2 protein chains.
Amino acid sequence: MNFLSDNTYYIVIIIEYGDNLMDVRDLLKQKGLRITPQREAIYRLLAASKAHPTAEWVYQEVKNIFPSISFNTVYKTVQAFEESGLLQRFNTGANIYHYDANVRPHPHVICLSCGRVDDLDEFPDSLEDFISKASMSSPYLIKLVNLHFYGYCPQCGDSNPKIKS
Amino acid sequence: MNFLSDNTYYIVIIIEYGDNLMDVRDLLKQKGLRITPQREAIYRLLAASKAHPTAEWVYQEVKNIFPSISFNTVYKTVQAFEESGLLQRFNTGANIYHYDANVRPHPHVICLSCGRVDDLDEFPDSLEDFISKASMSSPYLIKLVNLHFYGYCPQCGDSNPKIKS
DNA sequence: CTGCCTGCAAAGATTTTGCACGCTC
DNA sequence: GAGCGTGCAAAATCTTTGCAGGCAG
């Protein structure tokens with residue numbers, strides 16, 4: 001087992017590969033994107049995260065696996081992923097882009113205090129209905145919808161006396 | 001009448017003052033904001049516009065009235081207005097802030113091609129209902145909602161053959 | 001007269017681009 | 001071998017801040 005102790009971080013990759021190696025590589029291939037270790041890692045990180053990461057966050061995380069990776073690679077990769085429909089990009093209002101591997105339209109809740117972004121899973125209806133309803137009442141040809149709720153997350157709400165009212 | 005021809009731009013101000021001079025000044029006073037000619041002009045521009053202007057747009061427009069005004073003044077003014085609740089600020093996803101003198105929550109439609117932002121007036125229900133519905137299905141204490149539809153405006157939809165499909 | 005507002009300028013924060021080398025196909 | 005992907009670095013774009021002088025209250 002001593003080869004493991006020399007390259008501990010390889011263990012993580014191997015475990016993840018065991019789960020769904022084919023899925024990620026096939027996904028990239030389907031979209032006509034070249035398969036590189038960096039791209040696999042970036043997609044895995046985004047697919048596994050529920051935190052709606054920023055490019056900077058992805059960069060910091062993927063550096064644990066590829067210490068020599070550059071921000072540019074991360075940036076161009078998520079850009080390529082978004083153009084291929086593998087990611088969704090949005091902006092909560094702080095002028096920072098967030099990425100989401102869940103590309104179906106779905107609502108988000110954003111904390112006004114700490115800025116974290118969560119999904120709003122229990123929202124009554126699908127947002128696809130919204131798009132068609134809105135299309136009928138607008139001269140625009142509507143394609144997408146972005147529904148952001150702003151408030152205070154449990155942590156910030158509990159710790160901030162101003163909010164308790 | 002020769003004093004008018006020397007300072008033509010004053011005419012505009014006088015006409016606008018005739019309409020609702022008291023309203024703007026009272027509004028600023030109510031919010032504890034100092035009344036200056038620059039601030040009056042900035043608020044009037046924003047209140048009169050339906051185009052959801054950016055800070056840069058306001059700056060360019062107000063320069064027609066006060067040629068020596070600085071971007072900083074515009075920036076700090078809209079910031080003060082937003083903090084006082086006189087304006088709403090939002091981001092359509094292009095990392096540029098837009099301002100709206102209509103501070104009630106209301107949906108927007110954004111053109112994916114040219115970036116223009118319009119109100120979606122005919123939307124069925126008030127967004128206040130949405131906030132309370134969402135509050136019930138989230139651990140967040142929800143305060144605001146931002147509903148953005150993306151599509152193609154009539155001009156871009158008509159002129160772009162890719163969209164006609 | 002005190003303090004906020006204005007104007008000039010610079011600093012910050014993110015996003016975006018250029019280019020040479022290396023790896024995927 | 002051809003072309004896309006990666007890595008290093010710099011440029012661009014907007015937003016935000018610092019500070020001295022001026023005007024509103």
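Only heavy atoms go into these numbers, but all of them, side chains included; no hydrogens, no water, no symmetry mates. We name chains A, B, ... by the order of the sequence lines, and we start the count at 1 in each one. Every value quoted in this text rests on a predicted model; they were computed, and no experiment measured them.
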Can you check the [X] [atom1] to [N] [atom2] distance for me, whole Å?
X	N	atom1	atom2	answer
B:I96	D:dA12	CD1	C1'	12 Å
A:Y97	D:dC14	OH	P	10 Å
A:F66	D:dC8	CZ	P	14 Å
B:F81	C:dC4	CZ	P	16 Å
B:N91	D:dC14	CG	P	12 Å
A:E40	C:dC23	CD	P	16 Å
A:I42	D:dG7	CD1	P	9 Å
B:I65	C:dG7	CD1	P	13 Å

Point to revise | Set of residues satisfying side chain to side chain donor-acceptor pair (under 3.5 Å) with respect to B:T36, sequence neighbours excluded | key: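 Side chain to side chain donor-acceptor pair (under 3.5 Å) list for B:T36, sorted by chain: empty.
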
Practice item. Sequence neighbours left out, what passes side chain to side chain donor-acceptor pair (under 3.5 Å) with B:Y75? Give chain and number order. Key: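 B:Q79.
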
Does [X] have any side-chain contact (heavy atoms from CB on, under 4.5 Å) partners at least two apart in sequence or in another chain, and if so, which?
X	value
A:N95	A:N91, B:N91, B:N95, B:Y97
B:L33	B:L28, B:K31, B:R39, B:A80, B:F81, B:S84, B:L86
A:A51	A:S49

Only pairs at least two apart or in different chains count here, so list each salt bridge (Lys or Arg N to Asp or Glu O under 4.0 Å) that has a residue in [range].
range	answer
residues 97-107 of chain B	B:R104-B:E128
residues 87-99 of chain A	A:E82-A:R89
residues 47-74 of chain A	none

Can you tabulate the close N/O pairs, meaning under 3.5 Å, that link protein atoms to atoms of nucleotides 22-25 of chain D?
residue : atom : partner : partner atom : Å
D:dA24  : N3   : B:R34   : NH1          : 3.4

Practice item. For A:E56 and for B:S68, find the nucleotide of DNA chain C with the closest heavy atom, then tell me which residue's nucleotide is more 5'. Key: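 That would be B:S68.
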
**Study point:** Under 3.5 Å: donor-acceptor pair, side chain of A:H148, backbone of B:N146
**Key:**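 Not a single qualifying donor-acceptor pair exists.
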
Review point. Of the nucleotides D:dG7, D:dC14, C:dG7, which one has an atom closest to the side chain of B:S70?
Key: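 That would be C:dG7.
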
Measuring to OP1 and OP2 of [N], would you say a side-chain N or O of [X] lies under 4.0 angstrom away?
X	N	result
B:R39	C:dT6	yes
A:T77	D:dT6	yes
A:T73	D:dG7	yes

Exercise for review: Quick one: list whatever passes ring pair (Phe, Tyr, Trp, His ring centres under 6.0 Å) with B:H98, sequence neighbours left out.
Suggested key: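 For B:H98 the ring pair (Phe, Tyr, Trp, His ring centres under 6.0 Å) partners, ignoring immediate neighbours, are B:F90.
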
Point to revise | A:P154 vs B:Y140 side-chain heavy atoms within contact, under 4.5 Å | key: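 Heavy-atom side-chain distance check passes, below 4.5 Å.
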
Check your understanding: Between atom OH of B:Y150 and atom OG1 of B:T92, what is the distance when rounded to the nearest 0.5 Å?
Key ->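 These two atoms lie 5.5 Å from each other.
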
What nitrogen or oxygen pairs link the protein and nucleotides 17-21 of chain C at under 3.5 Å?
residue : atom : partner : partner atom : Å
C:dT17  : O4   : A:N72   : ND2          : 2.8
C:dG18  : O6   : A:N72   : ND2          : 2.3

**Study point:** Relative orientation of the end axes in the helix from C:dC1-D:dG25 to C:dC25-D:dG1, expressed as an angle to the nearest 10° (five pairs per end)
**Key:**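 The end axes of the helix from C:dC1-D:dG25 to C:dC25-D:dG1 are about 40° apart, to the nearest 10°.
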
